[in-house]
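Notes to accompany the following structure.
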2 protein chains.
Amino acid sequence: MISGKFAITLHILTLLSKSPDDFLSSEYIAGSMNINPVLVRKEIANLKKHNIVESREGKFGGTRLAKPAVEITLEDIFKMTFETVTLGYCKNDPNPNCPVGKNINESLNALYTDINSQISDKLKGISLLSFSSGF
Amino acid sequence: MISGKFAITLHILTLLSKSPDDFLSSEYIAGSMNINPVLVRKEIANLKKHNIVESREGKFGGTRLAKPAVEITLEDIFKMTFETVTLGYCKNDPNPNCPVGKNINESLNALYTDINSQISDKLKGISLLSFSSGF
DNA sequence: ATTACTGTAATAAAATATATTACAAACTTA
DNA sequence: TAAGTTTGTAATATATTTTATTACAGTAAT
């Protein structure tokens with residue numbers, strides 16, 4: 001199962017970018033995705049840690065972007081919400097007496113590192129503004 | 001959680017490529033990964049379906065490559081074991097009354113399709129032979 | 001016949017993701 | 001200041017997916 005963190009975070013930011021002057025509530029945002037508001041608040045906590053958004057507590061509280069959408073890239077979001085993209089690992093420790101078992105994870109790591117660089121390069125070129133301009 | 005199918009399949013094929021003339025048993029292969037032999041047999045069933053390996057039943061049975069390792073690419077394995085790489089989706093249906101909710105999955109799909117092309121291009125250039133040459 | 005495999009189904013266990021509940025703390029406005 | 005609304009966060013429960021295990025019929029070598 002792959003977590004929806006990236007997609008959820010991107011969805012949140014897209015909504016925020018559409019109303020840059022308003023503080024949107026987690027409940028409102030959750031309604032657009034049909035998920036639980038607590039999940040939204042968790043991702044917002046993460047966004048705040050990275051200074052992408054700012055929140056206001058209390059009545060009429062909510063969250064808004066802390067910087068212009070053109071200065072936020074999908075790579076920023078990727079790095080915040082994903083460890084690394086992989087094609088998976090065999091989850092048990094392989095047999096260290098087997099030359100393949102002993103070394104395959106290193107080779108997989110090298111491969112996956114490459115793949116992540118490619119993805120980062122691609123995402124780096126897409127700003128939140130341009131992503132959300134379609135909506 | 002991401003499934004280990006790609007990594008397991010690649011591990012299997014790497015072992016087979018090291019002993020192209022022998023029929024290796026699922027138990028032997030499983031021992032190198034420290035996983036259950038039934039999982040190995042399942043991935044081998046998949047490989048057989050794609051004519052990458054051939055098996056022999058009965059005593060001294062097992063599996064070997066059905067074609068030279070240089071003719072198998074990591075992309076072949078990728079396509080056999082992965083649907084598509086994604087950075088995730090929000091798993092519930094989004095609110096169709098929200099312009100963002102209504103359209104975001106299409107945009108994510110476009111993005112993920114791009115990412116998969118990149119990954120395919122990269123994997124296409126790596127043969128099983130060259131991958132396993134390090135071991 | 002006996003032994004050692006494959007092939008496959010059915011079930012159980014473990015891991016992870018998501019949902020829900022609960023409530024203190026913060027803040028607004030009347 | 002009291003009432004109402006929202007964030008922030010922890011704790012727990014449910015759902016989903018992955019991996020492991022068990023079981024056994026079928027196949028082939030000796």
Side-chain angles (χ1 to χ4, degrees), chain A residues 1-9 11-12 15-16 19 22-50 52-64 66 81-84 86-94, chain B residues 1-9 11-12 15-16 19 22-50 52-64 66 81-84 86-94:
Chain A
M1 205 185 335
I2 218 170
S3 141
K5 283 167 72 120
F6 174 82
I8 291 171
T9 300
H11 196 136
I12 293 169
L15 288 171
L16 296 181
S19 306
D22 301 324
F23 286 83
L24 303 184
S25 77
S26 61
E27 186 149 10
Y28 171 81
I29 295 170
S32 169
M33 285 181 266
N34 196 23
I35 64 171
N36 196 288
V38 175
L39 282 185
V40 173
R41 301 209 279 267
K42 270 182 190 156
E43 296 316 318
I44 284 174
N46 190 28
L47 285 164
K48 280 170 63 181
K49 205 165 64 190
H50 290 88
I52 307 291
V53 304
E54 58 195 3
S55 293
R56 200 165 57 178
E57 297 190 348
K59 192 169 188 178
F60 301 117
T63 302
R64 70 174 178 189
T81 57
F82 242 87
E83 305 296 322
T84 50
T86 80
L87 308 181
Y89 292 92
C90 179
K91 103 193 230 173
N92 299 333
D93 289 335
Chain B
M1 203 187 334
I2 218 173
S3 142
K5 283 168 72 121
F6 174 82
I8 290 170
T9 300
H11 195 136
I12 292 169
L15 288 171
L16 296 181
S19 306
D22 302 324
F23 286 84
L24 303 185
S25 77
S26 62
E27 186 150 7
Y28 172 80
I29 295 170
S32 169
M33 283 181 267
N34 195 23
I35 65 171
N36 197 285
V38 176
L39 282 185
V40 172
R41 301 208 279 266
K42 270 183 191 155
E43 296 315 319
I44 284 174
N46 190 30
L47 285 164
K48 281 171 62 179
K49 204 166 65 192
H50 290 87
I52 306 292
V53 303
E54 58 196 2
S55 293
R56 201 164 57 179
E57 297 190 347
K59 193 168 184 179
F60 301 118
T63 301
R64 71 176 177 189
T81 56
F82 242 87
E83 306 296 320
T84 49
T86 80
L87 307 182
Y89 291 93
C90 181
K91 103 195 230 166
N92 299 333
D93 289 335

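This is a predicted model, so every value here is computed, not measured.
- The side chain of A/Ser3 lies closest to C/dA17, out of D/dT22, C/dA17, D/dG8.
- One finds no side-chain N or O of B/Ser25 lying less than 4.0 angstrom from the OP1 or OP2 phosphate oxygen of C/dC5.
- Close to C/dT20, at under 4.0 Å from its OP1 or OP2, lies a side-chain N or O of A/Asn36.
- Atom CG in B/Leu39 sits roughly 15 Å away from atom P in C/dA14 (whole-Å rounding).
- With rounding to whole Å, B/Lys42 atom NZ is found 12 Å from D/dT18 atom P.
- Between B/Lys59 atom NZ and C/dC5 atom P the separation is 8 Å, expressed in whole Å.
- Note: CD (B/Glu27) to P (D/dA20) measures 14 Å, nearest angstrom.
- One can place CZ of A/Phe82 at 15 Å from P of C/dT16, the figure rounded to the nearest angstrom.
- In this structure, of C/dT18, C/dT20, C/dT28, it is C/dT28 that holds the atom nearest to the side chain of A/Phe60.
- Distances were taken from every side-chain heavy atom of A/Ala45 (C-beta onward) to each of D/dT18, D/dT9, C/dG7; the shortest belongs to D/dT9.
- Between the side chain of B/Asn92 and the main chain of A/Asn34, a donor-acceptor pair closer than 3.5 Å is present.
- Atom CZ of A/Arg41 and atom P of C/dT20 are 13 Å apart (whole Å).
- Residue contacts for B/Thr63: at a heavy-atom cut-off of 4.0 Å it reaches no nucleic acid atom on any strand shown.
- The interatomic distance linking B/Ile8 (CD1) with D/dT18 (C1') rounds to 10 Å, in whole Å.
- Atom CZ of B/Phe23 has more than 12 neighbouring heavy atoms from other residues, nucleotides or ligands inside a 6.0 Å radius.
- Taking for each of A/Val38 and A/Gly58 the nucleotide of DNA chain D with the nearest heavy atom, the 5'-most of the two is the partner of A/Gly58.
- Between A/Asn46 and A/Lys42, the closest side-chain pair of non-hydrogen atoms is not below 4.5 Å.
- At most 12 non-hydrogen atoms from other residues, nucleotides or ligands lie less than 6.0 angstrom from OH of A/Tyr28.
- Closest contact between the side chain of B/Ser55 and the listed nucleotides C/dT6, D/dT7, C/dA9 involves C/dT6.
- In this structure, CG on A/Leu24 lies 7.0 Å from CG on A/Leu15, to the nearest 0.5 angstrom.
- Toward the 5′ end of DNA chain C lies the nearest nucleotide of B/Gly62, the other residue of the pair A/Asn34 and B/Gly62 mapping further downstream.
- Between B/Leu24 atom CG and C/dA4 atom C1' the separation is 15 Å, expressed in whole Å.
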